[in-house]
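Residue numbers begin at 1 in each chain, while the letters A, B, ... track the order of the sequences. Side chains included, hydrogens not; waters and symmetry mates left out as well; all remaining heavy atoms used.
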Amino acid sequence: MTDKPQLPAIRQQVTELVLAGSPEHAEEAINDTAEKFGDLAVVEVLSGLEPQVASLHLSSFDGGKMSLATLLIPPQAWAESLAYFAATWDEDWIEDEPEVLAESLFAHIHGMLFGTDDEERRAELLNAALATDWGTTAFAVLFSTAAEEIIEIANDIHNLGAHRSGSTTSDHDVIPMALEIARTNEEGWDRILFDIFPDWKPGENELHAASEEESDDDMEDEESRESEFAMGRSTKELLLRLRKQVPSKAATPAKKGARPSLGEDIFS
Amino acid sequence: MNITSYTARPPQLVQALEALGQRADNQQAAAILLDELCGITALVAKKFTNDRTAEGIHEAFHLTVGCISLAISQADIADSGDAKLSFLLQHGAEYVFQMGFRRIKDLSALPYTTFVSDFDNDPFVQQRNLKAIFMEICSADPAATWSGDAVYQNELVDRQRNQHIIACGKWLRKHNAAGAVRDSEMDANAAITVAVLFALSGDGRIVARTAQRELEQLIARIRDNKPDVDASWNTFLEKIPPEYQPLLRERMEQLRGTIVKKLYGRSKAKALLTDLQDQYIGSEQDIDYA
């Protein structure tokens with residue numbers, strides 16, 4: 001690849017356009033870059049974007065609209081940007097409409113993974129995402145929307161192994177994704193399950209989905225059940241968990257000469 | 001000295017920042033200062049205003065500017081923007097804020113009136129008073145002039161005086177001739193007036209609390225014997241520690257032209273008693289007629 005001094009300028013332009021709330025124009029700039037300098041240049045631009053900017057850009061192109069960025073962003077950069085996906089959710093929102101948020105997260109991740117036909121890239125994307133805590137939680141959110149089916153698959157995989165299971169009774173959207181993960185990254189699959197069902201000890205207790213309708217008055221019941229079943233986290237809990245993992249501050253190196261903060265002691 | 005030009009000027013922090021703008025190579029110091037000021041504002045909003053509304057943050061911003069400005073104004077430094085900036089940079093904004101806030105806390109611990117009440121030791125009331133005085137003095141709009149430092153000075157002088165009066169009242173109570181007065185509430189000014197008036201009898205007794213019968217006796221004795229005012233008071237003052245003497249002398253001069261004149265004059269005893277109760281010593285006079 002030849003030296004392209006324009007790339008930092010393009011990166012800057014894309015960043016500014018995205019932050020200004022105009023992802024269409026940013027996408028246009030990316031397309032222009034692809035035409036003029038080729039796909040590799042775009043890859044370089046995308047890999048240099050700040051993760052929160054990349055996240056903002058990608059999240060405005062999921063579902064119906066595809067972005068060139070979706071196809072070309074390096075897996076590592078995508079995994080990092082995923083941490084910021086939940087940044088715009090507020091707690092009331094999570095409380096009121098967890099389904100909508102889970103849906104948008106699904107649209108994004110599904111678009112990323114299955115937008116490409118390149119199986120190698122798909123595996124790389126999966127591995128990069130599953131190498132992070134927030135990526136694992138993000139998948140856990142998706143699976144928790146179809147907890148019953150996931151339990152079925154989990155038991156199958158536990159009993160038969162990932163490559164021999166696959167047929168389920170359900171046609172839920174997340175199933176192909178779950179199978180894909182179980183086949184490409186077994187360790188990642190285990191960690192996702194652990195994220196949803198922290199109490200599961202295979203062979204000792206059975207998985208049980210968290211249901212939203214449960215009333216509080218069968219608390220006694222719950223305790224006896226807990227020993228038998230490993231209760232899952234609900235979608236809502238997992239969304240909150242994901243929200244909490246959003247880095248609260250862009251990582252900036254500590255300023256030279258800044259003194260340690262007194263914190264609340266300024267009132268002492 | 002022209003007071004207006006002395007007080008009507010931007011908050012000290014703004015003066016320091018203007019000096020920072022003049023300095024060469026100020027980027028790093030400015031960045032650190034900005035970080036520190038933002039952090040302080042967030043903490044102030046959390047503790048005193050509201051860190052969830054724009055209005056609360058805005059108020060906290062003004063309080064931060066004012067509290068740092070107060071600390072700078074009370075520091076022993078030259079009155080120039082550059083000196084203020086050096087002071088600020090040398091200590092760091094957080095420590096300077098802490099200095100200002102400690103001054104406010106000390107001020108808030110001083111009595112607001114000369115009336116001692118049970119509520120003074122209530123932590124809720126103390127916290128409320130602290131917040132009130134903090135808001136009153138330290139709210140500084142960086143775009144406008146600020147006179148919180150002058151307000152602080154006046155308030156400090158006032159409250160120190162109040163504290164002195166209360167200390168004097170307590171001393172008088174403790175040395176009350178008929179035994180120390182035990183009561184958690186006290187109107188210190190009234191206690192001092194009682195003592196000064198009873199000193200007129202000339203026997204040098206210290207009386208910090210009274211009842212109507214004693215007042216009647218006092219009036220009768222003054223009318224019968226006409227004791228010399230200054231001689232009586234001097235006898236009384238000899239028993240008083242020197243730190244309270246100026247305060248008592250001052251009170252004597254205030255009373256000499258008013259109620260003392262009436263005591264020695266021809267006013268009816270009943271009218272005098274009403275007058276005393278309403279205007280001078282009402283809260284230090286026992287209600288029972290015994």
Student: About how many Å separate CD1 of B:Ile40 and CD1 of A:Ile266, when rounded to the nearest 0.5 Å?
Tutor: 5.5 Å
Student: Quick one: salt bridge (Lys or Arg N to Asp or Glu O under 4.0 Å) pairs with a partner in residues 131-140 of chain A, sequence neighbours left out?
Tutor: none
Student: Ring pair (Phe, Tyr, Trp, His ring centres under 6.0 Å), that's the test. Do B:Phe134 and A:Phe267 meet it? Break it down for me.
Tutor: CA-CA 11 Å; B:Phe134 182 44; A:Phe267 300 117; 7.4 Å; no
Student: In Å and rounded to the nearest 0.5 Å, what is the OG to NZ distance from A:Ser268 to B:Lys105?
Tutor: 6.0 Å
Student: If you count every heavy atom of other residues, nucleotides or ligands that lies below 6.0 Å from B:Arg161 atom CZ, does the total exceed 12?
Tutor: no
Student: Give, as side chain, backbone, both or neither, the part of B:Leu130 having an atom under 4.5 angstrom from any heavy atom of chain A.
Tutor: neither
Student: Please identify, among B:Glu94, B:Met99, B:Arg102, the residue contributing the most non-hydrogen atom pairs under 4.5 Å to chain A.
Tutor: B:Glu94
Student: For B:Phe115, does the CZ atom have more than 12 heavy-atom neighbours from other residues, nucleotides or ligands under 6.0 Å away?
Tutor: yes
Student: Does a sphere of radius 6.0 Å around CD in B:Glu55 hold more than 12 heavy atoms from other residues, nucleotides or ligands, not counting ones at 6.0 Å or beyond?
Tutor: no
Student: Would you find more than 12 non-hydrogen atoms of other residues, nucleotides or ligands less than 6.0 Å from A:Glu103 atom CD?
Tutor: no
Student: So, taking the atom named CG in A:Asp265 and the one named CZ in B:Phe101, what distance separates them when rounded to the nearest 0.5 Å?
Tutor: 12.0 Å
